[in-house]
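Here's the structure we're looking at; comments come further down.
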Amino acid sequence: MPRQVRGYDAQAAYAHLSKRDRKLGAWMKKVDALEGGPIPSDPRWRKSFDPVDALARAILFQQLSGKAASTIVGRVEAAIGASRLHYDTLGRCDDAALRGCGVSGNKLLALRDLAAREARGEIPDLRRMASMDNDAIIAALVPIRGIGRWTVEMMLMFRLGRPDILPVDDLGIRKGAQRVDKLEAMPAPKALAELGERWRPYRSYASLYLWRIADIADGPKIGKAKTNRSQD
């Protein structure tokens, strides 16, 4: 597979979606009016990142508030004496020490599984991911304990800048699609996948707007941070 460039042209995505789906386009204008303009390109697309470290942090952030998770991450970094979470650095602490940092039993097992897979060379690095398609990256990462498809999709969207990701299991996106099409209920994942065909090849950008549309409730201003689904 040819090497994939990280990111895409947000203006081109906007124009394409507005033309292909007039109902979504009308909602996009409402969002723009509340937020002061169209959703811009994500600056993280231009930044290098470490997939293993990102996955380890995603595990630690699961089901916790940002503040609580950041506290635990800080304790782990202090315990291992490094800001890079990898098999070699995590291996500096035994299970009891990591539990003492506030890492739950399930998350500890997930971190150990991630570290073991990295040690075996099963986790593709950033350079290797550049030559992999979306499905191949998902297939490589979802076997990791504690890493589901949604977590990988967030990495694909926010860190790798892949333009055509539609997280069909995400409740916010399903709710946004319900509002756009005036459906009586949120579309099931399969139905959403079918609806999303009209948004190709910019389903990632459509998803950004669907999240914001889902956040609209009787006129209050949308919180921009709500669509930041990926950890820095």
Side-chain angles (χ1 to χ4, degrees), residues 6 42-130 132 134 136-162 165 167 169-173 207-208 211 215 223-232:
R6 290 174 61 188
D42 195 316
R44 288 172 293 181
W45 296 342
R46 295 185 291 274
K47 295 180 180 178
S48 181
F49 77 100
D50 185 331
V52 172
D53 182 77
L55 291 168
R57 292 171 189 276
I59 289 169
L60 292 172
F61 268 80
Q62 288 170 358
Q63 299 177 325
L64 291 175
S65 69
K67 183 177 180 180
S70 295
T71 297
I72 291 173
V73 170
R75 291 173 183 164
V76 171
E77 290 176 340
I80 65 176
S83 59
R84 177 176 168 272
L85 307 183
H86 272 256
Y87 80 95
D88 54 346
T89 57
L90 290 170
R92 296 173 186 172
C93 286
D94 59 18
D95 291 354
L98 290 177
R99 289 298 302 272
C101 293
V103 179
S104 70
N106 285 334
K107 291 182 180 181
L108 176 60
L109 291 173
L111 288 175
R112 295 304 191 202
D113 184 49
L114 172 65
R117 290 176 184 274
E118 183 201 0
R120 295 195 296 267
E122 296 176 10
I123 312 298
D125 60 18
L126 192 57
R127 183 173 182 177
R128 184 173 155 202
M129 283 185 180
M132 298 170 68
N134 300 331
I137 293 174
I138 291 170
L141 300 183
V142 294
I144 303 167
R145 185 184 180 109
I147 298 297
R149 184 182 182 92
W150 184 89
T151 298
V152 183
E153 288 171 336
M154 296 304 101
M155 177 183 288
L156 288 167
M157 288 178 65
F158 291 104
R159 306 305 294 268
L160 293 174
R162 296 293 172 94
I165 304 296
D169 295 310
D170 187 282
L171 291 177
I173 290 178
S207 296
L208 298 181
W211 271 316
D215 287 338
K224 293 185 180 181
K226 290 186 178 181
T227 56
N228 185 5
R229 264 67 181 182
S230 179
Q231 300 303 325
D232 290 333

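Note that the numbering runs from 1 along the sequence shown for the chain.
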Item to check | Asn106 CG to Ile59 CD1 distance, which is reported to the nearest 0.5 Å | outcome: 11.0 Å

Next on the checklist: With a 3.5 Å distance limit and no angle check, can you tell me whether Arg117 reaches the backbone of Ile123 through a side-chain donor-acceptor pair?
Outcome noted: no

Item to check | CZ-CG distance between Arg99 and Asp94, expressed to the nearest 0.5 angstrom | outcome: 12.0 Å

Checklist entry - Do Val103 and Asp95 pass the side-chain contact (heavy atoms from CB on, under 4.5 Å) test, and can you show the C-alpha distance, the side-chain angles, and the key distance before you say yes or no? => result CA-CA 9 Å; Val103 179; Asp95 291 354; over 6 Å; no

Checklist entry - Salt-bridged, Asp169 to Arg149, with N to O below 4.0 Å? => result no

Item to check | Polar side-chain atom of Glu118 near backbone of Val52 as donor-acceptor pair, under 3.5 Å | outcome: no

Checklist entry - Rounded to the nearest 0.5 Å, how far apart are CG of Asn134 and CZ of Arg162? => result 5.0 Å

Checklist entry - Do the non-hydrogen side-chain atoms of Leu141 and Met155 ever get within less than 4.5 Å of each other? => result yes

Item to check | Contact summary for Ile80 and Cys93, nearest pair of heavy atoms | outcome: CG2-SG, 3.8 Å

Item to check | Shortest non-hydrogen contact from Lys107 toward Phe61 | outcome: NZ-C, 4.3 Å

Checklist outcome for this item: In short, salt bridge (charged side-chain N to carboxylate O under 4.0 Å, His left out) pairs touching residues 66-81 with sequence neighbours left out are Arg57-Glu77

Checklist entry - What are the two closest non-hydrogen atoms of Pro51 and Asp125, and how far apart are they? => result CG-C, 4.1 Å

Checklist entry - With side chains defined as the heavy atoms from C-beta onward, is the minimum distance between Met157 and Pro167 less than 4.5 Å? => result yes

Next on the checklist: What I'd like to find out is whether the side chain of Phe158 reaches to under 4.5 Å of the side chain of Leu208, using heavy atoms alone.
Outcome noted: yes

Next on the checklist: Side chains of Ile137 and Leu160, heavy atoms from C-beta outward: is any pair under 4.5 Å?
Outcome noted: yes

Checklist entry - What distance do Leu156 atom CG and Ile165 atom CD1 have between them, rounded to the nearest 0.5 Å? => result 4.5 Å

Checklist entry - Does a salt bridge link Arg44 with Asp42, judged by any charged N lying under 4.0 Å from a carboxylate O? => result yes

Next on the checklist: Once salt bridge (charged side-chain N to carboxylate O under 4.0 Å, His left out) is applied, do any residues pair with Arg128, and if so which ones, sequence neighbours excluded?
Outcome noted: none

Item to check | Which residues share a salt bridge (charged side-chain N to carboxylate O under 4.0 Å, His left out) with Arg120, sequence neighbours left out | outcome: Glu122

Item to check | Nearest non-hydrogen partners of Tyr87 and Ala119, listed with the distance | outcome: CD1-CB, 4.0 Å

Checklist outcome for this item: Residues Arg6 and Leu126: closest non-hydrogen pair is NH1-CD2, 3.8 Å

Checklist entry - Between atom OG1 of Thr151 and atom CD of Gln62, what is the distance when rounded to the nearest 0.5 Å? => result 5.5 Å

Next on the checklist: Less than 4.5 Å apart, side chain to side chain, heavy atoms only: is that true for Leu85 and Leu60?
Outcome noted: yes

Checklist entry - Looking at side-chain heavy atoms only, is the closest gap between Met129 and Arg159 below 4.5 Å? => result no

Checklist entry - How far apart are the closest heavy atoms of Ala139 and Pro143, and which atoms are they? => result O-CD, 3.1 Å

Checklist entry - Within the distance-only criterion (no hydrogens, no angle test), does the side chain of Arg84 pair as donor or acceptor with the backbone N or O of Asp53 below 3.5 angstrom? => result no

Checklist entry - CG/Asp113 to CG/Leu55 distance, rounded to the nearest 0.5 angstrom? => result 11.0 Å

